[in-house]
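For the single chain, residues carry numbers from 1 onward in sequence order.
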Amino acid sequence: MELLSSTKSFGGWLKRYKHESLSVKGDMTFAIYLPPQAENQSVPVLYWLSGLTCTDENFTQKAGAFRKAAELGLAIVCPDTSPRGTDYPGEHDSYDFGSAAGFYLNATVAPYSNTYHMYDYVVQELPHLVEANFPVTDKRSISGHSMGGHGALICALKNPGHYQSVSAFAPIVNPTDCPWGEKAFTGYLGEDKSTWQEWDASLLIANAKERLPLLVDQGEADNFLVEQLKPEALEAACEAVGHPLTLRRQPGYDHSYFFIASFIDEHLEHHAKALEL
């Protein structure tokens, strides 16, 4: 790993690293916040997955999470949102596909199938790297925003026992039935929609092998609420099988990091409780 920067914050350290990833066959960048407690003991980790157009820096600079993380003794790891350094045809043409829009899945359609394996990176490679190189335990939680909220939900639902808790802000809960998801899944997974189902949180709920409680915050003034996010799909899926869901509809809040910053402390406390901090 190559250390790119190190910044002290609330007694802990925010560090950015670059490393060669086997999952995506190229260099990846991630950020890790180590709270002050990490100087004397190993601490659990919250993995944060960001949304469309983002990098690891959006959360670290805008969410205002480090004061509470330092208080709780919780490390936070922020990966990038897609592989970098490739130049596939059309990869950089739009904000909702290709660059910064990896959707946290494993692509099966060429050329993206060569490198766009963000699911493997987030679930397996990055935790292994973090746990081998930093003073952290193997207790993990996961959260995210929008596309990253989708990522957090599917990672938790597809890997029972891997995470202690999960939460999301304005997640894309039903990507097989919204424009963002349809575009991305067609490009990454192909035209056969039956292959899309394993990457859709609302469809995974029915057969989930672990009933990990879901905490979801959704702004009611979110411009993407009706067409893209559709929280009612997740709500219906959870009700059908009794999956525990706390869906909080927040009046007046939009899709921005002002929304995330307003409720991030409550999400960190949700994870801290599950992580027994």
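- Taking the six-membered ring for Trp and the full ring otherwise, F97 and F103 have centroids separated by 6.0 Å or more.
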Discussion item. With side chain to side chain contact (heavy atoms under 4.5 Å, CB included) as the criterion, how do V173 and L229 come out once you've worked through the C-alpha distance, each side chain's angles and the decisive distance to 0.1 Å?
Written reply: CA-CA 6 Å; V173 301; L229 304 179; over 6 Å; no
Worksheet item: Step by step, would you call W180 with Y95 a side chain to side chain donor-acceptor pair (under 3.5 Å)?
Response: CA-CA 10 Å; W180 278 341; Y95 79 96; 2.9 Å; yes
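- N114 approaches K25 most closely through the heavy-atom pair O-CD, 3.2 Å.
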Fill in: Stepwise side chain to side chain donor-acceptor pair (under 3.5 Å) check, T7 with K15
CA-CA 6 Å; T7 307; K15 298 175 181 287; over 6 Å; no
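- Under a 3.5 Å cut-off, the side chain of N106 and the backbone N or O of D120 do form a donor-acceptor pair.
- Hydrophobic clustering, with ILVMFWY side chains joined whenever heavy atoms are under 4.5 angstrom apart, keeps M118 apart from V109.
- You'll find the side chain of V77 reaches within 4.5 Å of the side chain of L126, heavy atoms only.
- Looking at every heavy atom in both residues, V166 comes nearest to H270 through O-NE2, 3.4 Å.
- A ring-centre distance under 6.0 Å is found for W199 and Y119.
- The two residues L49 and G151 make their nearest non-hydrogen contact at CD1-C, 3.6 Å.
- Residue A101 comes nearest to L52 through the heavy atom pair CB-CD2, 3.5 Å, listed as atom of the first residue, atom of the second, then distance.
- Of the possible polar contacts, none joining the R16 side chain to the I32 backbone as a donor-acceptor pair under 3.5 Å is found.
- In this structure, the side chains of M1 and L129 come closer than 4.5 Å at one or more pairs of heavy atoms.
- Atom CD of Q228 is separated from atom CE of M147 by 13.0 Å, given to the nearest 0.5 angstrom.
- Nearest heavy atom pair, residue G187 against residue Y112, reads O-CD1, 4.1 Å.
- Using cut-offs of 30° and 60° for the angle between ring planes, the F263 and F259 rings count as perpendicular.
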Worksheet item: Does the pair T137 and V43 meet the rule for a side chain to side chain contact (heavy atoms under 4.5 Å, CB included), with working shown?
Response: CA-CA 6 Å; T137 70; V43 297; 5.8 Å; no
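- Residue L157 is grouped with residue I172 when hydrophobic side chains (ILVMFWY) are merged at heavy-atom distances under 4.5 angstrom, including chains of intermediate members.
- Under the 3.5 Å distance criterion, with hydrogens and angles disregarded, no donor-acceptor pair is assigned to the side chains of Y188 and S113.
- Taken to the nearest 0.5 Å, the OG1 atom of T29 stands 6.5 Å off from the CG atom of D80.
- The main-chain N or O of G161 is found under 3.5 Å from a side-chain atom of E210 such that the two form a donor-acceptor pair.
- Looking at T55, its side chain does come within 3.5 Å of a backbone N or O of E57 through a donor-acceptor pair.
- Interatomic distance, R211 CZ to C238 SG, rounded to the nearest 0.5 Å: 8.0 Å.
- The closest donor-acceptor contact from the side chain of S143 to the backbone of S167 lies under 3.5 Å.
- Q250 is listed as a side-chain neighbour of R248, based on a closest heavy-atom distance under 4.5 Å.
- Hydrophobic cluster membership differs between L247 and I260, with clusters built from Ile, Leu, Val, Met, Phe, Trp and Tyr side chains linked at under 4.5 angstrom.
- At least one donor-acceptor pair under 3.5 Å links the side chain of S21 to the backbone N or O of S23.
- You'll find the side chain of V136 stays beyond 4.5 Å of the side chain of P44, heavy atoms only.
- Panel note: side chain N58, backbone C54; no donor-acceptor pair is recorded below 3.5 Å.
- I76 and V45 are not part of a single hydrophobic cluster, where members link through side-chain heavy atoms under 4.5 Å apart.
- Atom CG of D192 is surrounded by more than 12 heavy atoms from other residues, nucleotides or ligands within 6.0 Å.
- Remark: K139 engages E276 in a salt bridge, criterion side-chain N to carboxylate O under 4.0 Å.
- In this structure, a donor-acceptor pair under 3.5 Å is absent between the side chains of T186 and K193.
- The aromatic ring centres of Y47 and F30 sit 6.0 Å or more apart.
- The shortest side-chain heavy-atom distance between Y257 and F169 does not fall under the 4.5 Å cut-off.
- L234 pairs with exactly one of D200, N174, L214 by the side-chain contact (heavy atoms from CB on, under 4.5 Å) rule, that one being L214.
- Under the 6.0 Å cut-off for aromatic ring centres, F10 and F66 do not qualify, their centroids lying 6.0 Å or more apart.
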Worksheet item: Passes side chain to side chain contact (heavy atoms under 4.5 Å, CB included), Y163 versus L46? Steps please.
Response: CA-CA 9 Å; Y163 301 101; L46 173 67; over 6 Å; no
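- Classification of R84 and D27 as a salt-bridged pair fails, no side-chain N sitting under 4.0 Å from a carboxylate O.
- Using a 4.5 Å cut-off on side-chain heavy atoms (C-beta onward), I264 and K68 make no contact.
- A single hydrophobic cluster is not seen to contain both L212 and L203; linkage of ILVMFWY side chains at heavy-atom distances under 4.5 Å, directly or through other members, places them apart.
- Here Q124 contributes atom CD and H162 contributes atom NE2; the two are 5.5 Å apart, rounded to the nearest 0.5 Å.
- Between the side chain of H243 and the main chain of E239, no donor-acceptor pair closer than 3.5 Å is present.
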Practice prompt. Go through the steps for T176 and Q197 under the test side chain to side chain donor-acceptor pair (under 3.5 Å), then give the verdict.
Written response: CA-CA 7 Å; T176 60; Q197 297 178 13; over 6 Å; no
Discussion item. Between K230 and E235, does the salt bridge (charged side-chain N to carboxylate O under 4.0 Å, His left out) criterion hold? Intermediate values first, please.
Written reply: CA-CA 9 Å; K230 303 184 177 182; E235 193 170 39; over 6 Å; no
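- Scanning all heavy atoms of the two residues, the minimum distance from L225 to E220 falls at CD2-O, 3.9 Å.
- Judged purely by atom type and a 3.5 angstrom limit, W196 has no side-chain atom pairing as donor or acceptor with the backbone of D177.
- One distance of note links CD of E266 with OG1 of T246; it measures 11.5 Å at 0.5 Å rounding.
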Item to complete: Could you give me the CA-CA distance, side-chain angles and deciding distance for H255 and H145, then say whether side chain to side chain contact (heavy atoms under 4.5 Å, CB included) is met?
Response: CA-CA 9 Å; H255 200 69; H145 171 231; 3.6 Å; yes
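- Within a 6.0 Å sphere centred on NE2 of H128, other residues, nucleotides and ligands contribute 12 heavy atoms or fewer.
- Once rounded to the nearest 0.5 Å, the distance linking CG of L215 with NE2 of H267 reads 4.0 Å.
- Looking at S82, its side chain does come within 3.5 Å of a backbone N or O of A100 through a donor-acceptor pair.
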Worksheet item: salt bridge (charged side-chain N to carboxylate O under 4.0 Å, His left out) between E2 and K18: does it pass, once the steps are laid out?
Response: CA-CA 5 Å; E2 176 188 349; K18 182 170 70 172; 3.8 Å; yes
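- Using a 30° and 60° split on the angle between ring planes, Y121 and H19 fall in the parallel class, below 30°.
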